[in-house]
There are 2 protein chains.
Amino acid sequence: MTTSSKINNPKELGQYLLEERKRLKLTQKEISEYTDVGRKFVLELEKGKPTAQIGKIFELLNGLGLELHLIKRGEADSWKP
Amino acid sequence: MTTSSKINNPKELGQYLLEERKRLKLTQKEISEYTDVGRKFVLELEKGKPTAQIGKIFELLNGLGLELHLIKRGEADSWKP
DNA sequence: ATAAAAAGTGTCCGATCTGGGATTTTTTGC
DNA sequence: GCAAAAAATCCCAGATCGGACACTTTTTAT
């Protein structure tokens, strides 16, 4: 199964990442050890930190098995390969 | 026609944003005036700056009419301890 | 072809903030 | 009750971002 979620702001990003981590039954510590980020970063990102750096976010997305897609407004169904 | 772009890292993000800005025939200055970011930020982001902050990136995406989607494929827990 | 305008790039300054590590406190779960 | 997880604090070297200015390249117009 493949799911897509539209993320509008840092707050929603954090909430989604938290939910996804829970689904995978991982702790912040496990995530931060597998990916190259600190536990504090995971903590703050999940809380919606707007100043988190994009490079670190990509590392975390990879660790969680998530892909980032950009879709032009009005073409929200276009991510399908 | 629908358009989807998978973005894997800051470099690809910058390249895509540059291309989209060109499609819209906007200048860096115009973008930075409509959104709440500086011209230098636009410049550096388009060059692939990995330390750009996510909150500002969301502002830019809105300005360009782009949506950010997170897509999950499978159950990416193969590495789970 | 030439000149002018626009776009892009780079650098300086400064207030503010990052993110990792370590430690401590609070919450959660069994 | 107890241990693990999560959250909250410090410290601090280093980086961000915006604004301003100077310079170069590209585009546009005559």
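Here is the naming used below: chain letters follow the sequence lines, and residue numbers restart at 1 for every chain.
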Asker: In degrees rounded to 10°, what angle is found between the helical axes fit to the five outermost pairs at each end of the helix from C:dA1-D:dT30 to C:dC30-D:dG1?
Answerer: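 One end axis against the other gives 70°.
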Asker: Suppose we screen for side-chain hydrogen bond (donor to acceptor under 3.5 Å, both in side chains). Which residues come up paired with A:Glu12, at least two apart in sequence or across chains?
Answerer: A:Asn8
Asker: Please examine the side chains of A:Arg21 and A:Leu18, heavy atoms only from C-beta on, and report whether any two atoms are closer than 4.5 Å.
Answerer: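 Sidechains of A:Arg21 and A:Leu18: in contact.
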Asker: What residue pairs, at least two apart or across chains, pass side chain to side chain donor-acceptor pair (under 3.5 Å) with a residue in residues 34-45 of chain B?
Answerer: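 Passing the test, one end in residues 34-45 of chain B: B:Glu44-B:Lys49.
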Asker: Apply side-chain hydrogen bond (donor to acceptor under 3.5 Å, both in side chains) to B:Gln15 and list each qualifying residue two or more places apart in sequence or on a separate chain.
Answerer: none
Asker: Rounded to the nearest Å, what distance is computed from the CG atom of residue A:Leu26 to the P atom of nucleotide D:dA5?
Answerer: 12 Å
Asker: May I ask you to test the A:Leu66-B:Ile71 pair for a side-chain heavy-atom distance under 4.5 Å?
Answerer: no
Asker: Identify the pairs formed between an N or O of the protein and an N or O of nucleotides 13-15 of chain D at a distance under 3.5 Å, and give each distance.
Answerer:
none

Asker: Rounded to the nearest 0.5 Å, what's the gap from CG on B:Leu24 to CD on B:Glu30? Could you check?
Answerer: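 Going from CG on B:Leu24 over to CD on B:Glu30, the span is 10.5 Å.
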Asker: Dump the intermediate steps for side chain to side chain contact (heavy atoms under 4.5 Å, CB included) on A:Leu17 and A:Val42, then the final yes or no.
Answerer: CA-CA 9 Å; A:Leu17 291 178; A:Val42 177; over 6 Å; no
Asker: Do A:Glu67 and B:His69 come within less than 4.5 Å of each other through their side chains, counting heavy atoms only?
Answerer: no
Asker: With heavy atoms of chain B within less than 4.0 Å as the criterion, where does contact along DNA chain C begin and end?
Answerer: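 Using the under 4.0 Å cut-off, the span is C:dA7 to C:dC12.
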Asker: Listed in order of residue number, which residues of residues 9-23 of chain B have a non-hydrogen atom at under 4.0 Å from DNA chain C?
Answerer: B:Arg21, B:Lys22
Asker: Are B:Leu70 and A:Leu13 packed together at the side-chain level, in the sense that at least one heavy-atom pair is separated by less than 4.5 angstrom?
Answerer: yes
Asker: Pairs under 3.5 angstrom, nitrogen or oxygen only, protein versus nucleotides 24-29 of chain D, please.
Answerer:
none

Asker: D:dA6 C1' sits how many Å from A:Glu44 CD, rounded?
Answerer: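 About 13 Å, once rounded to whole Å.
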Asker: Rounded to whole Å, how long is the line connecting atom NZ of A:Lys29 with atom P of D:dA5?
Answerer: 7 Å
Asker: Identify, with sequence neighbours excluded, every residue that meets side-chain hydrogen bond (donor to acceptor under 3.5 Å, both in side chains) alongside A:Gln28.
Answerer: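 For A:Gln28 the side-chain hydrogen bond (donor to acceptor under 3.5 Å, both in side chains) partners, ignoring immediate neighbours, are A:Glu46.
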Asker: What residues form a side-chain hydrogen bond (donor to acceptor under 3.5 Å, both in side chains) with B:Lys29, not counting sequence neighbours?
Answerer: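 Here the qualifying residues are B:Glu33.
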Asker: Return a table of donor-acceptor pairs under 3.5 angstrom between the side chains of residues 50-59 of chain A and protein atoms on other chains or two or more places apart.
Answerer:
none

Asker: Mind checking A:Lys47 for me? I need base, sugar-phosphate or nothing, with any heavy atom below 4.0 Å counting as a touch.
Answerer: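 Result for A:Lys47 = sugar-phosphate.
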Asker: Please enumerate all protein N or O atoms sitting under 3.5 Å from an N or O of nucleotides 18-22 of chain D, with distances to 0.1 Å.
Answerer:
unit_1, atom_1, unit_2, atom_2, d
D:dG18, OP1, B:Gly38, N, 3.2
D:dG18, OP1, B:Lys56, NZ, 3.2
D:dG18, OP2, B:Gly38, N, 2.9
D:dG18, N7, B:Lys40, NZ, 3.1
D:dG18, O6, B:Lys40, NZ, 2.4
D:dG19, O6, B:Lys40, NZ, 3.2

Asker: Are B:Tyr16 and B:Leu68 connected in the hydrophobic side-chain network, where two residues link if heavy atoms are under 4.5 Å apart?
Answerer: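 Yes, B:Tyr16 connects to B:Leu68 through the hydrophobic network.
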Asker: Do the side chains of A:Lys22 and A:Glu19 get close enough for a salt bridge, i.e. N-O under 4.0 angstrom?
Answerer: no
